[in-house]
Amino acid sequence: MVAPMMMDKNSTIQTMVTISPLQVGLIGDPVAHSFSPGMQQAAFDALGIAAHYELWHTPAHALLERVRALCDERYLGANVTIPHKEAVLALMDKVDPLATRIGAVNTIVHHDGYLHGYNTDAPGLLYALHEQGFGMKQHDGTISLKGLSAVLLGAGGAARGAAFALAGAHVAQLIIVNRSLKRAQHLAAKVQQTYSGPIFSLNDPQFLLPRPASLIINATSVGMHDEQMPLPVEILARFGSDTFVYDMIYNPIQTQLLCQARIMGMHGENGLSMLLHQGALAFTLWTGEPAPLDVMRSKLP
Ligand code: NDP
């Protein structure tokens, strides 16, 4: 647990003990447009923790040096983003089992000169879904999605975390739809090692058969730079209005997929809530304190 700034209670004039702030930051390339600094700094400030969140633009050739520097006592740890989530895994002293299964680390925690790697993207997605009324919170804080049928669009880095999250939450079935069938099949085979439910992999959404109580999760980048849909409108229209569409994209806030889903009477949500929850989980790993969710949320668009 990180000590808040200390006050001398015996003194009539309370004196702030001067301590240099701990450092934590975002490792990636690019990092300039990240919402994490605003969200995390507000959380540290709200809890009176003397820590400063920074942007650490890190090209691939500088990754090793940047990561090993975190072993210094000044550092709490780091967040990791594109394109380093896979590469940093091999640089950790210890990796959490979920991050090992996913093959990606997005949170580094510094403990007494050692670096521990975690993946908070996967549980972050489940907390975001739970906030929308999906799934049951278990005694251990994990989320169960039993009975729901999940369609996962994509098989890249974000989809990998989502696939393991959905399988770990015991969805009734998982259908992975990706442009590259080979990549979808590879992901399905990996997930199937620890998941006993049915998994299907497709590259042609025409073969997608809707099920009641479905979740559609977009983990592709389609819709981020244009008004394209990762799923054709006529395929989306096959699903009932009880379908929930979660688009992991948060910039733009309203993608064409979300727009069309809402026109069809479905509920939908963008990826800001996942960003929030992965950040909140990272904050707790660094500090041992519950994250001030409302404060963090207020810093997001
Ligand atoms: P990757 O580059 O690893 O994967 C991209 C995915 O999109 C692949 O499945 C790729 O298919 C698919 N894709 C890309 N272009 C097309 C296209 N023109 N047509 C069809 N499929 C396409 O990216 P990430 O997985 O890291 O990120 C994906 C999205 O998730 C991004 O928008 C990112 O912002 C978002 N994200 C959101 C987070 C959050 O907290 N909300 C966290 C992490 C990511 P193929 O395999 O065939 O190439």
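Since we're looking at a predicted model, the values are computed, not measured. One-based numbering, in listed order, for ligands and for the atoms of each.
Side chains of H57 and D29: a donor on one and an acceptor on the other come within 3.5 Å. A side-chain N or O of D247 and one of T255 form a donor-acceptor pair less than 3.5 Å apart.
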With a cut-off of 3.5 Å and sequence neighbours excluded, list every side-chain donor-acceptor pair involving residues 42-56.
from : atom 1 : to  : atom 2 : distance (Å)
D45  : OD1    : Q41 : NE2    : 3.0
H52  : ND1    : E54 : OE2    : 3.2
Y53  : OH     : N79 : OD1    : 2.6
E54  : OE1    : W56 : NE1    : 2.8

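Using a cutoff of 4.0 Å between basic side-chain nitrogens and carboxylate oxygens, R68 and D93 are scored as salt-bridged.
Taking T142 as the reference, D140 meet the side-chain hydrogen bond (donor to acceptor under 3.5 Å, both in side chains) condition, with sequence neighbours excluded.
The residues lining ligand 1, counting any heavy atom closer than 4.0 Å, are I82, G154, A155, G156, G157, A158, N178, R179, S180, R183, A219, T220, S221, V222, M224, M248, I249, Y250, G271, M274, L275.
Annotation for L181: hydrophobic cluster partners, listed by chain and number, are none (ILVMFWY side-chain heavy atoms under 4.5 Å, direct or chained).
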